[in-house]
**Q** 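The structure's right below; bear with me while I get my questions together.
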Amino acid sequence: MTIQTNYLPTPTGLYFEDFAVGQPLVHGVPRTITEADCTLYTALTGSRFALHCAKTVANVVGFAQMPVDNFLLFHIAFGKTVNDVSLNAVANLGYAEVTFKRPAFAGDTIKVVSEVIGLKENSNGKTGVVYVHSTAVNQDDHIVLSFKRWVMVHKKDVHTKCPAPQLPELASEVTATQQVIPAQMNLADWPDYASDSQLKASDFNVGDTYFHRDGITINDSDHSLATRLYQNNARVHFDQHMMDNSKHGKRLVYGGHIISLCRALSYNGLGNGIWLSAIHSGSHCNPSFAGDTIYAQSSILEITDVAERDDLALVKINMLGIKNNNPEQMEYLTQTIDGRKKYHSDVVLDLVLTIIMVK
Amino acid sequence: MTIQTNYLPTPTGLYFEDFAVGQPLVHGVPRTITEADCTLYTALTGSRFALHCAKTVANVVGFAQMPVDNFLLFHIAFGKTVNDVSLNAVANLGYAEVTFKRPAFAGDTIKVVSEVIGLKENSNGKTGVVYVHSTAVNQDDHIVLSFKRWVMVHKKDVHTKCPAPQLPELASEVTATQQVIPAQMNLADWPDYASDSQLKASDFNVGDTYFHRDGITINDSDHSLATRLYQNNARVHFDQHMMDNSKHGKRLVYGGHIISLCRALSYNGLGNGIWLSAIHSGSHCNPSFAGDTIYAQSSILEITDVAERDDLALVKINMLGIKNNNPEQMEYLTQTIDGRKKYHSDVVLDLVLTIIMVK
Amino acid sequence: MTIQTNYLPTPTGLYFEDFAVGQPLVHGVPRTITEADCTLYTALTGSRFALHCAKTVANVVGFAQMPVDNFLLFHIAFGKTVNDVSLNAVANLGYAEVTFKRPAFAGDTIKVVSEVIGLKENSNGKTGVVYVHSTAVNQDDHIVLSFKRWVMVHKKDVHTKCPAPQLPELASEVTATQQVIPAQMNLADWPDYASDSQLKASDFNVGDTYFHRDGITINDSDHSLATRLYQNNARVHFDQHMMDNSKHGKRLVYGGHIISLCRALSYNGLGNGIWLSAIHSGSHCNPSFAGDTIYAQSSILEITDVAERDDLALVKINMLGIKNNNPEQMEYLTQTIDGRKKYHSDVVLDLVLTIIMVK
């Protein structure tokens, strides 16, 4: 018997002209987070924030079990959105209003939906910017994470006429009242040894800055494992054969892996900043590749007390990721030229986030 | 005190002349499958079949917990057999009658026994083909997996006289009645979003073919981690110092890792094919090495309804693995020359399997 | 608003002059060991000792669950000490009196404290040797592991005057009575297949030696993952940008990873040596780098019966790690020159340990 081969079009993600403002996107493949995800995250990043490392410490803080690291949750939720939002993306442009609404725990199952909240075709007619609002819920339909991001996406056809731009309103920051301190969390009995007796919120002043000193070199397998773990299926991270013909000739490291490395490196100085309440803004300033060594620098932007809480404070941080260079020896990390922020070519990440810190 | 060193012969696997038809092999090191095995499998392959990713989806299907991915189970069972069957193998020649008898779950302990079912010395006198039937049982002595494979194994001594060939009868396929649909499995309420609303069994026709588009580049650490996880101790996968002097000068990627990558890539198109009932035949057509990018193509060979089941169908698939090439741009993948199937040098895998697909 | 940047000194580990004999060090970041740690350890090392692989085997031995591999426990405990003890270390010089007091299980939380027990400035004035005694306790404050190690540590300032040397008394071995056989452990019903019917304690004689034949090539990602899993934050293992200017120009593989590989390789011959009671002495003779292939050789030094125990014996072993070479083809592994032990440049590990072996 001869079977006649009939090639079907393989499902692709959406192209710019496939999106419409208001369009809901129900992302596939819900994901149960396991204890193994958390352990593997430690192996991938070297993170040492004690709340995620020791059940005894989690218990002291008020949690029955260790909560999932905020960025692990973020990457898993983000990964779900890739297949619909950014499979045809040129670049991941930015994040806003990233709010951690509720802790996740091993055993929780995360499902993610998005809504298209803005569209803007680029003048070259080849690409456009898609703005989405993504919401991750757990098995009880409680929102655990909400975030907005925008990506530059290819058009399928340069000749397609696209509607006029519709830009979303994006808050420049998540306000303190929008930020959630987990209901269980009480840091009054935080043991100093848990974080190597590092400085606490009350020890810091605005402007205080750490170059976190340690560096971590990315291996191809590290970032591939991480990105597959998050089930992020963007081809640019995995397919060297395809990337041979790309600008850099190399697989791109998933930007979220850079975020996680910087966060892990920041333990050395900010070890008492044990939880994230918000990411106000973020951008991947330059690409990273296997072989790059990542360093991090954090500056305190704001320290906000919380009414009737002596145990903790909200500390707003600007975290920069730098590759293959030492910020102490660099002339500048960012410059303002003609009113626009310009990054040194070795700066790979610029994130403004708020951490909940032991006080 | 001086101790006189007495070198003992290190245990080696069996050589061709050590095997006898009917010989039972009780493989060492039973293995409890953990939730972490399943998570790590996701990190190693990027697999997204929702039944193994989300407890909520598993529950809808009728499982109390997420079942172990069929190929993860296969690799663990296969790994157990290596120390006895294929430590001195030249090549893994083929598979037949691979039948998944019962789902495995995290916490189950797998023990594997084999029986030698055939032997055939090669005319060069240096090697022979060993056929084995392997059976994996769980802690309750229920069979979870049964499979036959044949490998070309070195003789210890070229001059040893070997018995006349004894070839086993190998079925060309696992019949539909031999295939097991897990007792718990009911796909009537399968949520479309679980698999990104992809096509279902009733949408396909025989001959329909997907080139699965995504590619995944193998890193040395990826395949080493996978193969160690399966406790497959064949030296060719691990020992670069030894392989420096081999034909290709490189470590061989465990063929099972290629199978898993192809299966994972096939999600994009066959996302509703959530379970394996059988592998009818399989061969590793060419070797793969770190640095190779693996692509997959699947063709529908048969769609078989199951009596009194509206929720699912058995879909027989021919899955090909291709390295560093795009099947759409290749003149041929397989050719028939003088009645024999010949593979393009970039084709690394040819597998015929049946998946249980949402209907 | 312009924020004035104020660079804070990033926490560094202690320098030689920061240590004082008797000083207690309470190490940060307690660590709950998970089932995933154990699974990942298998993936990183390929270890096959059945007690840690199969719940059914653990049950037969008397354990309700699989105990944590001794070396995994050791590396996690060791990792905790790095931030205080060896962040500024030049080299990890040796181990003594490593005693496994009590098994650890998935779910246990490990906390580590150390005491400085000796100090000796080197004559060059640039470095000194720090001796510490480290103790790992579980969540019930039971000691699970006790060990001494000494490291060569940089001085912060060459001109600092340091006190006269204070050398600790280090036992040349852990005596049999100090060694702990886990209370639950009974090997009377050890199933032969669990360890591939290998030799038992009663089959061995002093002097018997195995070259373990298998080799395992280290990939950069393998050792990075392992070392991050143990939260060992010594920069030499991770920061290629910094190591570009080091003697070898490469990241050093954490010595503990070499130990684990040798132990895993030793399964092939010593598969019935299922538990460690003590490490009497150990040293990392030469550095290892990604790309090196590690082999192991073990010699039986002593076989000690235990009163009223027919099921097991204590077997003292000298385990050597060799890189990129075959001990059977090497003129020597160690030589005694002028009364001092000298190592071949391909010998990377020299460990004397006692394993509990099925009898």
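Because the structure is predicted, anything quoted here is derived from the model rather than measured.
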**Q** Any heavy-atom pair between the side chains of Tyr267(A) and Asp196(A) that's under 4.5 Å?
**A** yes
**Q** What residue in Asp214(A), Asn325(A), Ile218(A), Asn324(A) has the most heavy-atom pairs under 4.5 Å with chain C?
**A** Asn324(A)
**Q** If you look at every heavy atom in Ile317(A) and Ser298(A), which pair is closest and at what distance?
**A** CG2-CB, 3.7 Å
**Q** Answer yes or no: is there an ion pair linking Asp69(C) with Arg263(C), defined by an N-O contact shorter than 4.0 Å?
**A**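 No.
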**Q** Counting heavy-atom pairs under 4.5 Å with chain C, which one of Ala264(A), Cys38(A), Ala54(A), Ser197(A) comes out on top?
**A**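 Maximum pair count with chain C is reached by Ala54(A).
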**Q** What residue in Ile294(A), Thr34(A), Thr56(A), Thr39(A) has the most heavy-atom pairs under 4.5 Å with chain C?
**A** Thr39(A)
**Q** Would you mind checking which part of Leu40(C) comes under 4.5 Å of any heavy atom in chain A, side chain (CB onward), backbone (N, CA, C, O), both or neither?
**A** side chain
**Q** Look only at the side chain of His75(C) and the backbone of Gly256(C), and say whether a donor-acceptor pair between them is shorter than 3.5 Å.
**A**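 At least one qualifying donor-acceptor pair exists.
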**Q** Is it the backbone or the side chain of Arg235(C) that comes under 4.5 Å from a heavy atom of chain A, or both, or neither?
**A**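 Arg235(C) touches chain A through side-chain heavy atoms alone.
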**Q** Any donor-acceptor pair under 3.5 Å linking the side chain of Asp140(C) with the backbone of His142(C)?
**A**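 Side chain of Asp140(C) to backbone of His142(C): no pair is present.
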**Q** Could you check which of Arg31(C), Met243(C), Gln240(C), Gln231(C) has the highest count of heavy-atom pairs closer than 4.5 Å to chain A?
**A** Gln231(C)
**Q** Establish, from distance only, whether the side-chain atoms of Thr81(C) and Arg149(C) form a donor-acceptor pair under 3.5 Å.
**A** yes
**Q** Relative to chain C, which segment of Thr45(A) carries a heavy atom at a distance below 4.5 Å: side chain, backbone, both, or neither?
**A** backbone
**Q** Given the options Asn83(C), Thr5(C), Asp244(C), Asn6(C), which has more heavy-atom pairs under 4.5 Å with chain A than any of the others?
**A** Asn6(C)
**Q** Quick one: does Val85(C)'s side chain get under 4.5 Å of Val151(C)'s, heavy atoms only?
**A**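 Sidechains of Val151(C) and Val85(C): in contact.
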**Q** At a heavy-atom separation under 4.5 Å, does His27(C) approach chain A through its side chain, its backbone, both, or neither?
**A** backbone
**Q** Measure distances from Asp220(C) to the heavy atoms of chain A and classify the residue's part below 4.5 Å as side chain, backbone, both or neither.
**A** both
**Q** For chain C, which candidate among Gly46(A), Pro191(A), Gly207(A), Ser47(A) shows the most heavy-atom pairs at distances under 4.5 Å?
**A**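 Greatest number of close heavy-atom pairs with chain C: Gly207(A).
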**Q** Using a cut-off of under 4.5 Å on heavy-atom pairs, state which of Met242(C), Lys111(C), Glu35(C) scores highest against chain A.
**A** Lys111(C)
**Q** Asp222(A), Asn205(A), Leu51(A): which one forms the most heavy-atom pairs within less than 4.5 Å of chain C?
**A**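 Highest number of pairs under 4.5 Å: Asp222(A).
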**Q** Has Thr334(A) got a side-chain atom pairing as donor or acceptor with Tyr343(A)'s backbone, closer than 3.5 angstrom?
**A**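 Not a single qualifying donor-acceptor pair exists.
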**Q** Taking every non-hydrogen pair under 4.5 Å, which of Asp84(C), Thr10(C), Asp37(C), Asn232(C) racks up the most with chain A?
**A**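 That would be Thr10(C).
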**Q** Tell me, do Asn92(C) and Phe78(C) make a side-chain contact under 4.5 Å, heavy atoms counted?
**A**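 SC-SC contact between Asn92(C) and Phe78(C) confirmed.
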